[in-house]
Structures are given as C-alpha cells and as structure tokens.
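Excluded from the calculations below are hydrogen atoms, water molecules and symmetry mates; all remaining heavy atoms, backbone and side chain alike, are included. All ligand and atom numbering here is 1-based and tracks the order in the structure.
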Amino acid sequence: MKALRLILGDQLTREISALDGLDKSSDIVLMVEADEETLYVPHHKQKIALILSAMRHFADDLEREGIRVDYVRLDAKDNTGTFSGEVKRAIARHRPEKIILTEPGEWRLFDAMRNWSADFGLPVEIRDDDRFFCSRSRFARWAEGRKSYRMEFFYREMRRETGLLMDGDEPAGGQWNFDHDNRKALPAKIRPPKRERFEPDEITREVLDMVAKRFVSHFGDFENFGWAVTRKDALEALDHFIESCLPLYGDYQDAMKSGEPFLYHSILSPYLNCGLLTPREICLAAEVAWRQGHAPLNAVEGFIRQILGWREYVRGIYWRHMPDYARTNALSANRPLPDFFWSGNTRMNCMAQVIAETRANAYAHHIQRLMVTGNFALLAGIDPGEIEAWYLAVYADAYEWVELPNVHGMVMFADGGLLASKPYAASGAYIDRMSDYCRTCAYDVKCKSGSQACPFNFLYWNFMIENEAALAKNPRMSMPYRTLAKMDPERRAEIKADASRFFEQIEKDDTSGMQIPLL
Ligand code: FAD
Ligand code: DLZ
Ligand code: SF4
C-alpha cells in the first residue's frame, strides 16, 4: 500500500516510528519547510537555520539510502506555508493510499492532524513517538489519581523501569539523587573547556543566506552560527561533552559566570529535541562514563536525572493537561513583557548578560533561564502567555511540549503547583551567590530599598505581599511568610513604593519594542 510519510523538523531520527516498515519501492517521505512553523513566534535566526539545515541534510541522507523524498522548500513556488496545505498538495501529486506520521510535539498540530483523515478522505496513522522513555499512556497511568505531581517519584520509577544507574533493585551508589553535591559556585581560577563549533557547509550557508533575508526582524545574531546540523556532528558534540565536560557537570551545574555561557553544560538539547540524538544513547553514554571511572556519580546522576527525569516529566504533564494547561493563571499575572527582554537594554546586569548571551547563542543554561530571566518574570508578574512566547522564540531547543511546562509551571507557577511544589522565587542574594554578575552591576545587591537597591530584593518581597492569599498556606513557603508576618507596616509600604517606582520606570523605558507577530 503506497504511503505518504510525513517527517517534521523535530523528527530527524532515522529510527522515527513514521519510517517503520517503509517500502522504498512505493512510499514517499514528505518534508515541508513551512511559513507557519517559522513565524508562529519570532524564532531566533539560529533556531530557524539549525532546523532547516538539519532537515535538508536529513532528507539528503534518506535519498542516499534510496528513499524517495518529496522536500518542499520555504521559497518553493506554490508552497502554501502550512503542513495541511502541503499534505493536500502532496496527496494530489502522489495519490497515496494512506498517510503515516509520528505524533507531533505540539498540541496545536496534534489537534489539526487528528482531523486529517476526515479532511483528506484517507486513512491517517498517527504513531507514538517512541524516542521518549515514557509514552503518553504510561505517564497517564503514573499520574492517575494524583492532584499534583512530583518529579522525584516519577524519576525513580523511570530509573527502575529503564535500569539506568541501577545496581539490581537499588540505585547506583545507594542514593537516588546527589543534588546536594551540585550547587558550587565556579572558582575564579577554573576555566571551562572551549566548546566545539561546526563550520557551516554549503547547505547551511545557503540556509543562512535565506534566513538573513527572510527573517531580518527576528531576534538573534547568526554570524557565529556553529551548531551541528548532521547526526555525525551531533555525535561528535556528544563525545566532546562526555570527554571534557561531564566530570565537572554536577559540581558547577548551578553556577553562572560572565563570558562563560556554557560552563560544563552539554548544549545537547537542540540536537535531542530535533532528533539528531536520542535520549537513550545520551543517557547510556553518560552511564558508561561513570562505570568506566571517567566521571563521578554526582555528575552522571545529575545529568541523567535531567533527561530521564525532568525532560520526560514535563512532556508527560504537557500531554496530560493540554490544552487547558496553557490557559491557567493561578497568580493572575498580567504585566506586559518589558522591551528589554528583546533589547537587553537594562541596568540589571544579570538580565543584560543572560539576554545578550541568548541573542548571541540561542542558548542559556537552566539556572540562567530559571533564576535570572524566569525569576524576574515571576517576581514582576509578567503575563504567562507573553513570557512563554518569548522563551519559545529565543532558544534553539524550544518546542512547546518542553518549553511550556518549564515556563508556565516551573517558572511562573501559573498551574498553581501541579508541576512544582512552590515558586522558584529568589532575591538578589541567590544570584550573587551563584554568579559574578552583581560585582559589576549598577545596582547594589546588598541594598534592600531605594533607587540603588537590587530590584530582585524589593520585587521578591513585593511578590510575597501581592500573592499572600495564594501562597501563604503553602507549607514550603512558610519561611518567607513568617518573616513577612513580622515585618512592620512601614517596611511593607517601602517595598511597595520601590516596586511601583520600578514598574513605572520600566513602562516609561518601553518605547517601540519587538512585538510578537500574530498569524
Ligand atoms: P544540560 O544542563 O546539559 O542538561 C542535559 C539535558 O537535560 C538537556 O539537554 C535537556 O534535554 C534536559 N533537561 C534539563 N533540564 C530540563 C528541564 N527542566 N526540562 C526538560 N529537559 C531538561 N529545555 C528545552 O529542551 N527546551 C526548552 O524550550 C526549554 N525551556 C526552558 C524554559 C525555562 C524557563 C526553563 C527554566 C528551562 C527550560 N528548559 C528547556 C530546560 C533546560 O533549561 C534546558 O533543557 C537546558 O538548559 C538545555 O541546555 P543543555 O543541553 O546544556 O542542558
Ligand atoms: C520550529 C520549526 C521551524 C522553525 N520550522 C519548521 C519547518 O519549516 N518545517 C518543519 O517541519 N518543522 C519546523 N519546525 C519544527 C516544528 O515547529 C515542530 O515539528 C512542531 O512544533 C512540533 O513539535
Ligand atoms: Fe542582578 Fe541585582 Fe545582582 Fe544587579 S545586583 S546583577 S540586578 S541580582
């Protein structure tokens, strides 16, 4: 039976379920560069270039194997700009008897695709994405009957089920989690390893030229584009991480340092999420490094927990609770996103550094996303939809299934505690402890009030005051609320005045920032 097999830009894995049982003599693989995908948020230029170049390389690899690929380029004549438009045209071209695809990573596409059979009058087989350790139905079984979820318990089940870092029935090293060893600041004399850049080949250069012309107004520099766009190069990036970074990954996982955007992080998420690498091979490579004595357990467990635990957990939550999940706003946050998220033009040095690195690299590591830009968005009460669109646009690894739970749940607490037991709110002291940003900041991190005070200090308490009704009863928030209860009314008034002055100033500074285009 002749099948049309659709492969999306984040499904670039030879073993993807959509290609299972492919018959080279009759089947056609369809790949589409779609305006709708490139424009639904103003994606960073490097993100678009990475995905389109990786798609073109993947299509070439399939063709070299003798597979027929119908590849629709962005600038192809008559490209309708949508997957459904292009599937319709491909049906007219090839007259398949069936459409086969792997479930997409985003709700909006899944919602449209499940109507395709009726729309096109053909059987449409949507297969599980078995690159994940935990299927949607497996997560649903785990989640059944729970009012809120905790990653740690999910993670232990995943360890048992996969056998990763297990010695028989026991966790390797006698503990499930070595996080307490993983919170060191980076000592001044330590220099993290230089990271690999992959020189753009002809295909990538052609894509970069197109991106330069077509996406001029999108956020991000791209002159320094050095991402891997083939499986071969992505595997080389994995080897480099295991060899040079993994041993110290745990120790400095939470550290931040000016001029060192990558530290000991893997920078593998863009490859993992678009399919050039699989979670299984990455976790196995890390475990082998520990078993062979190359990397310590605190590093390897910490690393595997991010992939086997957090990555699978957020995906499970996304699929179990969409589309309602995105509409919750437990803290009624509604402030517009300040322009400086796009321009980086702010006196807060931590924010300026992270935004500048994001613009340069389409990357920031987890603590920068969570405790700098995320912490600011939480404390300032930014509208969840606006900050989610920002995160979805600016990072090379951002797809809604992973971005949304991280931003909506972990950062903004907009789901009221379904994903995390408490908001990750912190004052300037946390940023000062984990980074060198405060040393050269125009604000004083030790100062609590007045125009010189670090904004994170008064915004932290303002957040506690404003959200007292929603948060004071949370047992994990008892410490700040005990302190707040002892605070005299004058100090409370001072905090509120500092916060109002600060927000007024932001509004004044916001002139004609970048707008999220609406399709
Ligand atoms: P490493 O520190 O080397 O971690 C290894 C791998 O673990 C990552 O490659 C990633 O696949 C996985 N991982 C780590 N933390 C998480 C997490 N919280 N959720 C899911 N996977 C995780 N990750 C994305 O892949 N896409 C996103 O759009 C995204 N948006 C985020 C937004 C916010 C506000 C926050 C706080 C986190 C977000 N993350 C996202 C998670 C995490 O920050 C990135 O996965 C990580 O920074 C990628 O860099 P790395 O590959 O060097 O990670
Ligand atoms: C993110 C992205 C972009 C920018 N462009 C394309 C594209 O042109 N064609 C394509 O197949 N996929 C693209 N993607 C990835 C999709 O948006 C992704 O497959 C869905 O968001 C589902 O996760
Ligand atoms: Fe950020 Fe405050 Fe430190 Fe400045 S003083 S870098 S605003 S935490």
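- The distance from ligand 3 to the heavy atoms of M348 drops below 4.0 Å at these ligand atoms: 7 (S).
- Not close to ligand 1: P270, with no non-hydrogen atom less than 4.0 angstrom away.
- When hydrogens are left out, the protein atom nearest atom 5 (C) of ligand 1 is F303 CE1, 3.4 Å; that is the closest non-hydrogen contact.
- Among protein heavy atoms, atom 9 (N) of ligand 2 sits closest to V32 O, 2.7 Å.
- Ligand 1 lies within reach of Y391, whose nearest heavy atom is under 4.0 Å from it.
- The residue F241 has no part lying near ligand 1, judged by heavy-atom distances below 4.0 Å.
- Under a 4.0 Å heavy-atom criterion, E86 is not in contact with ligand 2.
- Closest to atom 11 (O) of ligand 1 by heavy atom, among V372, N273, L272, is L272.
- A cation-pi contact, defined as under 6.0 Å to the ring centre and within 45° of the axis, is absent between K448 and F456.
- By the criterion of a heavy-atom distance under 4.0 Å, the backbone of H365, and not its side chain, is placed next to ligand 1.
- Atom 46 (C) of ligand 1 has its closest protein heavy atom at R369 NH2, 4.2 Å.
- The shortest heavy-atom distance from Y249 to ligand 1 is under 4.0 Å.
- Close approach of ligand 3 to V445 is summarised as follows: ligand atoms under 4.0 Å from at least one heavy atom of the residue are 5 (S).
- Taking the ring axis of Y40 as reference, the NZ or CZ atom of R108 stays within 45° of it and closer than 6.0 Å to the ring centre.
- Taking 4.0 Å as the cut-off, D35 does not count as a neighbour of ligand 2 on heavy-atom distance.
- Atom 13 (C) of ligand 2 has its nearest heavy-atom neighbour, among E106, E400, E37, H44, in E37.
- The shortest N/O to N/O separation between D10 and ligand 2 falls below 3.5 Å.
- Residue contacts with ligand 1 include Y363, since one of its heavy atoms falls under 4.0 Å from the ligand.
- Shown are Y325, F132, F139, W107; of these, the ring pair (Phe, Tyr, Trp, His ring centres under 6.0 Å) with W401 is made only by F132.
- For atom 14 (C) of ligand 1, the nearest protein heavy atom (residue, atom name, distance) is Q306 CB, 3.3 Å.
- Among protein heavy atoms, the minimum distance from atom 27 (C) of ligand 1 is reached at D397 OD1, 3.3 Å.
- Remark: ligand 3 atoms within the under-4.0 Å shell around heavy atoms of C438 are 3 (Fe), 5 (S), 6 (S), 8 (S).
- Atom 14 (N) of ligand 2 has its nearest heavy-atom neighbour, among T38, I51, L109, L6, in I51.
- Residues V300 and R305 form no side-chain contact, since every pair of their non-hydrogen atoms from C-beta on lies 4.5 Å or further apart.
- With respect to atom 38 (C) of ligand 1, the closest heavy atom belonging to the protein is N406 CG, 3.6 Å.
- The proximity of V411 to ligand 1, defined as any non-hydrogen pair under 4.0 Å, is limited to the side chain.
- Side-chain atoms of V87 and L30, non-hydrogen and from C-beta on, do get closer than 4.5 Å to each other.
- Closest to atom 15 (C) of ligand 2 among all protein heavy atoms lies Y399 CE2, 4.0 Å.
- Between I48 and ligand 2, no pair of N/O atoms sits closer than 3.5 Å.
- Looking from atom 3 (O) of ligand 1 to the surrounding protein, the closest heavy atom is S266 OG, 2.6 Å.
- H57 has its side chain within reach of S53: a pair of non-hydrogen atoms, C-beta onward, lies under 4.5 Å apart.
- Within the 4.0 Å heavy-atom shell around ligand 2 one finds F83.
- Atom 3 (Fe) of ligand 3 does not have C441 among its coordinating residues (no N/O/S atom, backbone or side chain, under 2.8 Å).
- Distance from atom 12 (N) of ligand 2 to its nearest protein heavy atom, with residue and atom name: G9 N, 3.3 Å.
- Here the shortest heavy-atom distance to atom 6 (S) of ligand 3, taken over A352, S258, C350, belongs to C350.
- Protein heavy atom nearest atom 47 (O) of ligand 1, with residue, atom name and distance: H366 N, 3.3 Å.
- Of the heavy atoms in Q253, none comes closer than 4.0 Å to ligand 1.
- For atom 10 (C) of ligand 1, the nearest protein heavy atom (residue, atom name, distance) is S269 CB, 4.1 Å.
- Put simply, part of M55 is less than 4.0 Å from ligand 2, judged by heavy atoms.
- Ranked by closest heavy atom to atom 23 (N) of ligand 1, the top entry among V402, I367, L263, V314 is V402.
- For the pair I307 and L272, the minimum side-chain heavy-atom distance is below 4.5 Å.
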